[in-house]
Structures are given as C-alpha cells and as structure tokens.
Amino acid sequence: MRIGELASITGASLRSLRYYEQQKLISPVRSDNGYREYSPFAVEQVETIRFYISLGFTTEQIAGFLHCVMQNKEAFCRDVLPVYETKIAELDQQIQLLSRIKSNLEERVRAMLDEREQDADYDVIQPPPEAGRAPSGG
DNA sequence: CTTCTAACA
DNA sequence: TGTTAGTA
C-alpha cells in the first residue's frame, strides 16, 4: 500500500510516516515512480511506534527495541527494560522539577492573598472617625 | 488525484 | 508537526 492508505488506516499523518522512515523506524520500498510502498505489516508497525511515542519515548529509543518488540509478539522483550527504567528515572526528575515550580507558585499565591487583605479598603468607604477604632491618643 | 522533497509560517 | 510550492 502507499503512504496515503497507511496514513488513513493508522491515523498517522503523511508527515509523521515520512519522519518515521527518516528516523529508520520503517523502511518502505520505493516503486518505479518513487512512491513509498508499504507492506500490510507496516500497519501494526506504525501502531506500535505511535504507542511508544505516546509513552514519551524518542524515535531513537524506539528504533532500538522496535524489532525485538515486533518479533516477540504477545511476549516480553528484554530490550525494553533498560529503556523503561531510564524513562521512569527521567519522569522522576520532571516530577521533582514540576513540584518545585508548583510550590513556588503556591507560595506566591499565598503572598498575593495576604497582600489583598491589607489593601482591602482601598476603594471602600472609610468609616467615620466616631465609629472608628483608631485610638487618637485621648 | 496522489506522492515527493525541502523549507518555512 | 503542519503546510505548501512545484513536480513527476
């Protein structure tokens, strides 16, 4: 099949499909007219590629274990273990960074809310002196 | 009409 | 990634 059909079946864009090839994730043959010709197996291949991309893996990482994953269908491919662990470690770092950012923003919000209480009667009618509470020293 | 490559909003 | 130009 040609790239258009593969795109409509898998939902991947033409751009992405060509990009996958550039990243050596797929290797379609070329027809005489220069068109990419994909085997029907490319459908599953593209689906698994998109799956791993959705998990946040780079095309380079996917290229590393894609063959192993494709061949060991319904089984576990050991090649993915180290990559998974690396990814989890990266996620931990990102979570820590995001937590820091969140804490900083929460602190700022608290500060702004406190300041709002102090400035509360800026455009509020001032209470008359008699009813006021300011001990004018008498 | 479909695809190709390359480059840019 | 999307999109688009100019072809084949």
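Basis for what follows: all heavy atoms, side chains included, without hydrogens, waters or symmetry-related copies. Order of the sequence lines sets the chain letters (A, B, ...), proteins ahead of strands, with each chain counted from 1.
Between the side chain of A:Arg50 and the backbone N or O of A:Thr10, at least one donor-acceptor pair lies under 3.5 Å. A donor-acceptor pair under 3.5 Å links the side-chain atoms of A:Lys87 to the main chain of A:Gly56, judged by distance alone. Put simply, the side chain of A:Gln61 gets close to the backbone of A:Thr58: a donor and an acceptor are under 3.5 Å apart.
When rounded to the nearest whole Å, the span between CD1 of A:Ile3 and P of B:dC1 equals 19 Å. Atom pair A:Arg36:CZ and B:dT5:C1' shows a separation of 9 Å (rounding to whole Å applied).
You'll find the side chain of A:Gln45 reaches within 4.5 Å of the side chain of A:Leu66, heavy atoms only. Using a 4.5 Å cut-off on side-chain heavy atoms (C-beta onward), A:Leu81 and A:Phe65 make no contact.
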Intermediate values then yes/no, ring-ring contact (aromatic ring centres under 6.0 Å, His included), A:Phe57 and A:Tyr84: CA-CA 9 Å; A:Phe57 291 106; A:Tyr84 278 9; 5.7 Å; yes

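The number of heavy-atom neighbours closer than 6.0 Å to CZ of A:Phe76, taken from other residues, nucleotides and ligands shown, is 12 or below. Shown here is A:Glu60, whose CD atom has no more than 12 heavy atoms of other residues, nucleotides or ligands within 6.0 Å.
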Dot-bracket assigned to DNA chain C with the 3.5 Å Watson-Crick/G-U criterion, [ ] for crossing and | for other-strand pairs, is .|||||.|

Whether each nucleotide of nucleotides 1-8 of chain C has a protein heavy atom under 4.0 Å at its base (B), only at its sugar-phosphate (S) or at neither (-) is summarised, 5' to 3', as BBB----B

